[in-house]
Structure formats: structure tokens, C-alpha cells
Amino acid sequence: MKYNPADIEVKWQKIWEDKKLFKVDKDESKEKFYCLEMFPYPSGKIHMGHVRNYAIGDVISRYKFMKGLNVLHPMGWDAFGLPAENAAIENSTHPAVWTKQNISYMKQQLKKLGLSYDWDREIATCDPEYYRWEQKVFIEMWEKGLIYKKKSHLNWCDDCNTVLANEQVEEGACWRCGHEVQIKELDGWYLKITQYADELLDFTEKLTGWHTKVLTMQSNWIGKSYGASISFKIKDIDDSIEVFTTRPDTVFGATFMSVAPEHPIVSKLLENTEFQKEGQAFVDSILKEDKVNRMDDEKEKRGFFTGRYVVNPVTGEDMPVYIANFVLMDYGTGAVMAVPAHDQRDFEFAAKYGCELKIVIQPGEELTLDSMEEAYTGAGKLVNSGQFNGMDNEPAKKAIVDWLDEKKLGKSTINYRLRDWQISRQRYWGAPIPFISCAKCGSVPVPADQLPVELPDVDFNPNMRGNPLDKVPEFKNTVCPKCGGAANRETDTMDTFMESSWYFLRYTSPKCDTAPFDKSEADYWMNVDQYIGGIEHAILHLLYSRFYTKVLRDLGYVSIDEPFNRLLTQGMVCKETYKCPEHGWLFPEEAEGGKCSKCSSDVVIGRVEKMSKSKRNVVDPNKLIKEYGADTARLFILFASPPERELEWSDSGVEGSFRFLNRVWRLIQNNINLFSEELPAPVDDEISKEILFHTNVTVKKVTDDIERYQLNTAVAAMMEFVNNLYAIEQKMGEGHKALFKDAIFSLMKLIAPFTPHAAEELYEMAGFEGLISRSEWPDFDEKLTQKDEITIAVQVNGKLRGQIDIPRNLEKEAVFEAALAIENVIKHTEGMNMVKQIYVPNKLVNFVVK
RNA sequence: GCCGAAGUGGUGGAAUUGGUAGACACGACGGACUCAAAAUCCGUUGCUGGAUAACGGCGUGCGGGUUCGAUUCCCGCCUUCGGCACCA
């Protein structure tokens, strides 16, 4: 029978579904394994990035099933988000309708891939039965003091009357209408993630299953630094400016001050002065700059003198106050004491604006103002620093802070780069923030019996402007639960990262209707043993999930500190982007031949970047599945590259995976009778040894490779095994058939997690009862994976000059003797002095000669 | 720009702890089978000198270094990708 994936894939998918094969329940008697892939945003269709992610997860899940573990492998939908809203406005369809359609299409696509999900646990975050718990927890967090409101600066389009995401800003203009983007100050809700900063930094012990690169990224993101906050009195105004500095040892060298343009003090500084108008214009010009650009160290420093001075608390000298583009309101206090001699940015700024430089740290040799070409940021002894002169700068940090503390001018402070999490979104398609704003009582939580606060129905159309919820009076107008007076319901919704911060807990009891999740279920299933998802989520999603888990712990919902034991960060599947000057981003199929399929304009080929619906550089797996079947698609993407490496998509080579699967199929088909025949006992000869060797080596290699995520080399090992088995098939006799049968039986099982449909079919044809998905993973014998006779390399001065076959573990002296007898080695050592003889057991010999 | 990665034949990649660079595939070329094609099977395939040999030289982004020995460790660069807080 020919290998026909179209028939067998449908057949086995149906059998698995009918038998509810992947449905799991808590079973205390069994060891559990929770395997989770990051759930997708239902953008429309799945693409190769999803296929890669879910294929990896499926191999691991199916492997663990076969290892006898009770495997939880759920799937669901990160269903709230901006694209649904954009599509709604564009096509006059409700986001819920669009999302539902996408979910149903994508679910069908996932099913076609034969993934081992327990679909009974499916969740969609836009379901009120999901987000109601988020609202409940939100109120509890507020009651615990973990939430507050604050103003922040956001991208704003006056024309669309809406906040813009950074990705909606194109060269300073609104992507939809082209109107110039402004910065607007808006009120928002904040979660106090900074309160957990130290615990989030504590990776030791609990996150040993995470790659250090992710931990490093998170650690840098949190950016803990030790320093001091120092208060500077403003001249002629009864106010002061507080700065954070990591270099209190240089405070005597502070000669001016720079403040962020967003700093609230700015208006006070400028008020009723001759600088007011020009200063405000300067602030406006900076706020228009690209945020990423403003962080650019190389970017030209720009400043504006406010006409005001602050007093240096240690020297008593006046310091002019500037507004500067490179000072960020988000970090520290939004104001910095500028020490131009010892900070490079301040140095450049001072050079441009003619500010005074003062050396206060001297390294060994004499530093002079005239010879300085850049700031000196290294260590040294204090000079020009009053009673601290002569001290080494490190101990001086503490001494100066202590002194300032005594005078009530400053104190030792720890600062984090991490900012509190702003969760307010001026959007429709998200979970409503369960609060009511009352003129008399302030922010009042929606009473528990009124939860969930559901989204009202809204008619979407292309002419829509602003936040939809704000325009629904029956939603917005309400009464204050506290005083009964007229009040406004909060019309912002929550950041969608809120939903993805706890969905893994909901999966443990997705239908629980009395709490976010059943604690006993969570206690059994958590933690997630293996989490798999794109490296793009290394910081935000993974940090928020860690934070949220700790909050839930502190609210008594869970007993765990961390949600994810082992983390596999998958490399991005990338593809070049295509853009039509007329129609914007194009799908690859719309850009064929370099011409836009809509208008025949020349297509601009953009850079290679991660596949995403917004850039349209996506490749749908449908064609591949139709042509070769899901098994080949899965096998191919796993074989193409190791999971953690990024992959530029190309389907060239998919033929090879299909060919391999056909070879497996034919090899087993040709020998299918071995499974029903009475076979003679194996003979003890070289061929038998060979079969045993290859079988055991392959089982070991594939097992090890799955454990260390190297799925591409696991596939290569199986290919090698098949090549070897074909060679053996040619020369084997009756006495080898029993071992050969064992070999192809192992092959069938090894390949089952990768190409489960083909494996099930072969298993059935071989006459086995039940399913290979539920059979046992093969074992191997370490002794049989080693050869007695091995080949080692012989080098002279590190260059390969020959090889010798020796018995394993031959004595060193005997190896040297054999190596020295090689003709080519004699040629390269003749007449030379032997300096050294190196032997790496069972690997190589190196003769060092002169 | 900052933080984190990656760079190896024509292509995807392998080399698990510093020990024979290029496993396994794709592609290409040559051949077998076939009336022919598809499928399948066999062989060659890093570059280069040499004779298609023996035997050499070069070669893992670039430039240095450590070492008997470096794709692997160190220093300095280049390019590409991910993240940079309202895309998810």
C-alpha cells in the first residue's frame, strides 16, 4: 500500500477525537506533565511560526505521553486585541464576530496538524466567563494597594481622536489618516510591578530550567541600581527638584541640571518668565521625537536653558537648569544632576551649551580640564570635594550619602529601570476595567454581584473615531455603588497582557464557575513543566506572567511562586516583507513577480522579519499540508533548524522530508510480515551486532535529543537509521529477522511523536492492538551503543596526518606505537624532535615536533 | 542607540565538555531502470594545487590573542534578527 497521507491523517484524527485520547484528568497516582505552547492571537490564519511552535510542543507532549506521564496539553485563544478592532472599523464587522470566525478557522487548521490537545479545555479570553475573574482579581489587587491611577504621556491622533500604539505611528504620523501624532497626557491605571522587582530578580533555584539569556534580559530590564536621591532647592521658587544618581561621589562636580521635557516642574520653572513661550515650543518639539530615537546615545544632545537655577546642596553654588532631550521621565525622577567631567552625555551637553566643568575624581595621573576629550567615568580619588578630598570614590559614595542624609538633603536609594505596568487601553476589544468614577467618592469598584462588566454591543464602521465605549451612554452612565449618585463607568479596557498572565492557570480547571480556577486542580497541575514560545516574549509576557502569579499567590489563589519550570524560547520564523506604494503591506502571494497583484506597481522588498499578520509576511501551511500531509509539514519544520534558532522560511527541501517518510513507510511495509511470522532465534554474528548497535544508538540519540530540544538532530538520527536499515535489509538472512523486526518496531515508535498519523497506521498494519500514541517509548542498552573497534585521528602539530583503527580503551603506549607506524606520520616527523605526545582517549593522538 | 542572540559549502544545518569541520538533508552533476516520463535506486559534490591518483595548501562573518590543538575561550569590529513598555 502506497503512503497516502490525505486518507490516513483524517482517519487517525477522527479516531483520536472519538476516543478523547488527549483528554486528561487529575490523577494523583500518576506523575503529571504540563506542556504548554503560547496560545495564539486569532489573527485569521495560522502561519509557519505557529506550526513550528506547536510541532515542538506536540513532539514533547507525545513523547511524555509515551513515557507514561499524565500529560496536560491545552490550547486556547488570546482573543482580545487591537487587530480585531482595526478589522471591525475597516469592514464594519463586530470584533466578536471577526474573532469567532478566526478562531473557528484556525482551530480547524490546528486539528489538521494532528496536535495532541485536550480541546475540552479550550478557552478564549474574550469570553465573559474568562475575564470576569480578571475583573474580580483586579478589584482585589486594588483593595490590597497594588493598583493606582496616574497620568502618562501617550501617542495621540487628534483626527482619529484616539491613542495610537507605537506600531500605529509611522514616521511621526497616524497610520490611518496621516495626521501628525501628538503627545497627550492621559490618566491610566497602574499595577505595582515594581513592588515585586526584587522577587522577580531572584531567579536562583526556581528558574534553573530557563536559558540564561532570558534571565539576563529580564534582569537588565528590571535594571536594579544602587545610588542616592538628592534634593536641589530651586532659586526664587519655593520648591525643589529631586534627582536620582548612581554617582553621589561626584555631587561636588555637578554644575548644572537637566530635566525631562515631560517633567511636571517644567511649567512651574517657565511660568511668567521671558523663557516661557520658547521653552514650551522646545518641549513640544522634543515630545514629537520618536521615543526609540530619544534613547539614542549617539543622537545630538539638545537643551533649553529655563532661566532658572538650583543650588548645589554641597557646594552652595548655582546650577543652571536645562530642559534636555536625553533625559527620560520614565527613569529615576526625570531629572539629573549633570556632572560633565564624569558623565559622557553631560560632557557632550556641556561642550555644546558652554557649561562649566569641574573635575572631582582624579585617577592616578593628573586629569586636566584643558586636555579632556571625553568624560572620565572611572575610579579615582576625590578632589575639589571639601572634607571628602583624598577619599577613594567608592567609599566616598557612602560617606557623602550619609552626610547628605544627616543634613536631610538626600538619602541612599535603590532605583529600578522597570516601571509600573500601565494597563489602561483606550480600546473597545478588551476586558472592561471594573471601576466607576464618582465625583464625590472617587474611583469605586464595581460590586462583586455586578461582575462581569460585559462589553456593550457597538456598531462598527469606517467612520468611527475615538474610544467606542465612551460613546455608549447606557454603558458609561451609571450610579455610584457607594453614594447612589450619578457616576461614570470606566470606559478604558485592560491591556491584553493581563489575560495572558494567568491563562495557564485557567486551563487547569477551565469551566470553574466559582473562582478563576480550582485551587486543588492548580495545585496538582502547576507548574507548567515545559513552556514553549517565541523569544519575542522573553521580557514582557514572561515577566508579567511571573508577576501576576506572585500576586495570585499573595491573594491566596495559588501556592506557587513561579509559573514555568522549563522554558524553551523558539527562534522567530522570518520572511521578507513586501510593500506596495499604493496598497501598503502585501501578502507574499500578492507580490509574486515583483508586482502588486492589485495595481501592478513595483513591490518594495523590505527587510526579513518575524512573520506577523500586521506586516502580512506570513506563509500559511495549508498548501504544504495539502500537497504532502501534516506529518511531512511537521517533520520538515522540525528538521529545518534547531528550535531556538531563528529560521528564514523557505519550503525548499520539504521534498526530502516527504521522501524520508516514504522510505520509512516502504521499509516497514516491505517487512510487515515479520510482525506476524514465527521468527528463528537471532544468530550471533556481525550483522546482528550491527542491527543492535544501530538500534540502540538511535534510540539513545533520539531520546537524548528530545530531552535537550534538539529535534532537528533527532530527525537526522532517524534518517541515518533508516539508511542503515536499508543497507542491512540487502544482506540479512533468516537469523537476523527477529532483530530487524525489533529495529523497525523501534523506528515506528521513535517517529511517532513527529509523524503520529503515519506511525499509527503502520502500527495498525503490523497487527498491534490499540494506539502507538499510547504505547511505551523504547529503551536502549548503553553497552550496545559502544563499538569495540574505533577509529581515532592522528595529528602532527595539530594537523590531521592519518587515522588508525584500535580496540576501545587501548593503552596509551600501544596507541602511540601504532600511530607512529603510519607512513604519512613518519614522513612528517622524520628528522624532527618529538616535543610532546598527546593522547585523548578513544579520540585522537597529537605529536608535537620541532 | 541600549539589552539579548545569530553568522559554518550553492542552500538548511551537524560537531553535546577545547580534540578528525561539513553528520543529516536540499540543490546540482553523472549513471541504472523505463519506449518515454514520474517514482525509485547507485555514485560524485567546501575551495584550490596535483593527473579525476598519492599527497598538499586554504577554509566556520572580519582583525588580533591564548593553546599541542579554537566553529567552541578572550579582546576589538562588521552584518542580520528579537525586544525597547498601547502589536501580540
Side-chain angles (χ1 to χ4, degrees), chain A residues 38 40-41 43 78 80-83 86 154-155 163-169 188 211-214 216-221 223 291-299 330 417-427 495-497 500 534-541 543-544 569 571-572 574 607-610 612-615 636 639-642 644-648 650 652-657 659-660 662-663 666 704-705 708 710 712-713 715-720 723 726 791-800 802-803 824 827 835-838 840 843-849:
Chain A
M38 289 179 185
Y41 177 76
S43 57
D78 190 12
F80 274 138
L82 201 47
N86 293 333
L154 299 164
N155 301 317
V163 172
L164 298 175
N166 286 336
E167 73 156 16
Q168 293 177 321
V169 180
H211 202 293
T212 50
K213 72 181 172 194
V214 177
T216 307
M217 278 192 257
Q218 293 206 350
S219 171
N220 291 335
W221 183 261
K291 277 189 191 166
V292 173
N293 245 322
R294 262 181 73 190
M295 292 187 281
D296 190 339
D297 274 355
E298 302 281 284
K299 198 178 163 65
D330 296 326
R417 207 188 73 96
L418 178 70
R419 311 199 297 256
D420 277 339
W421 179 10
Q422 207 273 50
I423 59 92
S424 298
R425 299 292 179 266
Q426 319 261 302
R427 314 282 179 200
D495 180 2
T496 57
F497 274 125
S500 55
I535 184 69
E536 53 186 312
H537 295 294
I539 296 173
L540 294 182
H541 163 60
L543 197 63
Y544 290 146
T569 49
M572 297 289 89
C574 298
R607 43 183 277 259
V608 173
E609 49 191 312
K610 69 166 173 171
S612 78
K613 187 71 187 295
S614 61
K615 296 276 172 72
F636 173 61
F639 179 58
S641 179
E644 304 220 53
R645 197 185 298 190
E646 79 197 17
L647 174 64
E648 191 180 339
S650 154
S652 83
V654 65
E655 295 271 356
S657 294
R659 214 171 283 160
F660 166 65
N662 274 283
R663 274 166 68 76
R666 282 197 307 275
D704 287 353
D705 281 355
R708 68 183 184 113
Q710 292 296 116
N712 57 328
T713 50
V715 175
M718 290 189 282
M719 288 176 166
E720 242 179 309
N723 292 344
Y726 267 104
T791 304
I792 66 163
V794 181
Q795 300 180 337
V796 178
N797 288 342
K799 294 207 173 209
L800 186 68
Q803 292 181 324
N824 203 31
K827 207 172 109 187
V835 179
K836 214 173 184 180
Q837 298 186 339
I838 292 152
V840 183
K843 282 270 181 185
L844 68 69
V845 171
N846 188 16
F847 297 118
V848 184
V849 295

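Labels below follow one simple rule: chain letters A, B, ... track the order of the sequence lines, proteins then strands, and each chain is numbered from 1.
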Secondary structure string for RNA chain B (Watson-Crick or G-U under 3.5 angstrom, | for other-strand pairs): (((((((..(((......[....)))((((((.......))))))((((.....))))..(((((..]....))))))))))))....
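- Here, B:rC29 and B:rG9 have their C1' atoms 16 Å apart, quoted to the whole Å.
- Listed nucleotides B:rC55, B:rC84, B:rU40 differ in distance to A:Asn824; the shortest reach to its side chain belongs to B:rC55.
- Listed by chain and residue number, A:Glu536 satisfy the salt bridge (charged side-chain N to carboxylate O under 4.0 Å, His left out) test with A:Lys610 (two or more places apart in sequence, or in another chain).
- Under the side-chain hydrogen bond (donor to acceptor under 3.5 Å, both in side chains) criterion, A:Glu720 pairs with no residue at all, not counting sequence neighbours.
- Residues A:Thr216 and A:Tyr726 each lie close to RNA chain B; by heavy-atom proximity, the contact nearer the 5' end of the strand is made by A:Thr216.
- Contacts of A:Arg425 classified as salt bridge (charged side-chain N to carboxylate O under 4.0 Å, His left out), with partners at least two apart in sequence or in another chain: A:Asp495.
- Partners of A:Lys843 by salt bridge (charged side-chain N to carboxylate O under 4.0 Å, His left out), not counting sequence neighbours: none found.
- The side chain of A:Arg666 contributes no N or O atom lying less than 4.0 Å from OP1 or OP2 of B:rU40.
- For B:rG13, one of the phosphate oxygens OP1 or OP2 lies less than 4.0 angstrom from a side-chain nitrogen or oxygen of A:Ser641.
- In this structure A:Ser612 satisfies the side-chain hydrogen bond (donor to acceptor under 3.5 Å, both in side chains) test together with A:Ser614, sequence neighbours excluded.
- Going from atom CD of A:Gln218 over to atom OG1 of A:Thr212 covers 12.5 Å, rounded to the nearest 0.5 Å.
- Between the P atom of B:rC84 and the CG atom of A:Asn166 lies a distance of 8 Å, rounded to the nearest Å.
- Residue A:Met38 contributes atom CE, which lies 13 Å from atom C1' of B:rG82 at whole-angstrom precision.
- Rounded to an integer number of Å, the gap from CG of A:Leu543 to P of B:rA88 is 18 Å.
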Atom pairs, N/O to N/O, protein against nucleotides 16-26 of chain B, distance under 3.5 Å?
unit_1: B:rU16; atom_1: O4; unit_2: A:Lys701; atom_2: NZ; d: 3.1
unit_1: B:rU20; atom_1: O2; unit_2: A:Gln803; atom_2: NE2; d: 2.4
unit_1: B:rU20; atom_1: N3; unit_2: A:Gln803; atom_2: NE2; d: 3.0
unit_1: B:rU20; atom_1: O4; unit_2: A:Thr791; atom_2: O; d: 3.0
unit_1: B:rA25; atom_1: OP1; unit_2: A:Asn723; atom_2: OD1; d: 3.4
unit_1: B:rA25; atom_1: OP1; unit_2: A:Asn723; atom_2: ND2; d: 2.6
unit_1: B:rC26; atom_1: OP1; unit_2: A:Arg659; atom_2: NH1; d: 2.6
unit_1: B:rC26; atom_1: O2'; unit_2: A:Gly653; atom_2: N; d: 3.4

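- Applying the salt bridge (charged side-chain N to carboxylate O under 4.0 Å, His left out) rule to A:Arg659 yields no partners; only residues at least two apart in sequence or on another chain are considered.
- With sequence neighbours excluded, the residues forming a ring-ring contact (aromatic ring centres under 6.0 Å, His included) with A:Phe847 are A:Phe816, listed by chain and number.
- For the pair A:His537 NE2 and B:rA85 P, the interatomic distance rounds to 15 Å; values are reported in whole Å.
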Would you list the protein and nucleotides 75-80 of chain B atom pairs, both N or O, that sit under 3.5 Å from each other?
none

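- In this entry the base of B:rG9 is syn relative to its sugar, with a glycosidic angle within 90° of 0.
- The interatomic distance linking A:Met572 (CE) with B:rG4 (P) rounds to 18 Å, in whole Å.
- In the set B:rG13, B:rA5, B:rA88, B:rA5 carries the atom at the smallest distance from any side-chain atom of A:Lys213.
- A:Asn723 has its side chain within reach of A:Arg663: a pair of non-hydrogen atoms, C-beta onward, lies under 4.5 Å apart.
- Side-chain proximity of A:Lys827 to B:rA88, B:rC55, B:rC3: nearest is B:rC55.
- For A:Thr791, the side-chain hydrogen bond (donor to acceptor under 3.5 Å, both in side chains) partners two or more places apart in sequence, or in a different chain, are A:Asp805.
- In this structure, the ring-ring contact (aromatic ring centres under 6.0 Å, His included) partners of A:Trp421, at least two apart in sequence or on a different chain, are A:Tyr544.
- The interatomic distance linking A:Arg417 (CZ) with B:rG1 (P) rounds to 17 Å, in whole Å.
- What separates CZ of A:Phe636 from P of B:rG27 is a distance of 11 Å, to the nearest Å.
- In this model, the phosphate group of B:rG82 is not approached by any side-chain N or O of A:Lys610 to a distance below 4.0 Å at OP1 or OP2.
- Checking the phosphate oxygens (OP1, OP2) of B:rC86, no side-chain nitrogen or oxygen of A:Arg419 falls inside 4.0 Å.
- Here A:Asn662 does not reach the OP1 or OP2 of B:rA39: none of its side-chain N or O atoms lies under 4.0 Å away.
- Heavy-atom distances to RNA chain B give each of A:Ser650 and A:Tyr41 a nearest nucleotide, and the one nearer the 5′ end belongs to A:Ser650.
- With rounding to the nearest 0.5 Å, the separation of CG in A:Asp704 from CD in A:Gln710 is 11.5 Å.
- Under 4.0 angstrom from either OP1 or OP2 of B:rC81 there lies no side-chain N or O belonging to A:Arg645.
- In this structure, CG on A:Leu164 lies 11.0 Å from CD on A:Gln426, to the nearest 0.5 angstrom.
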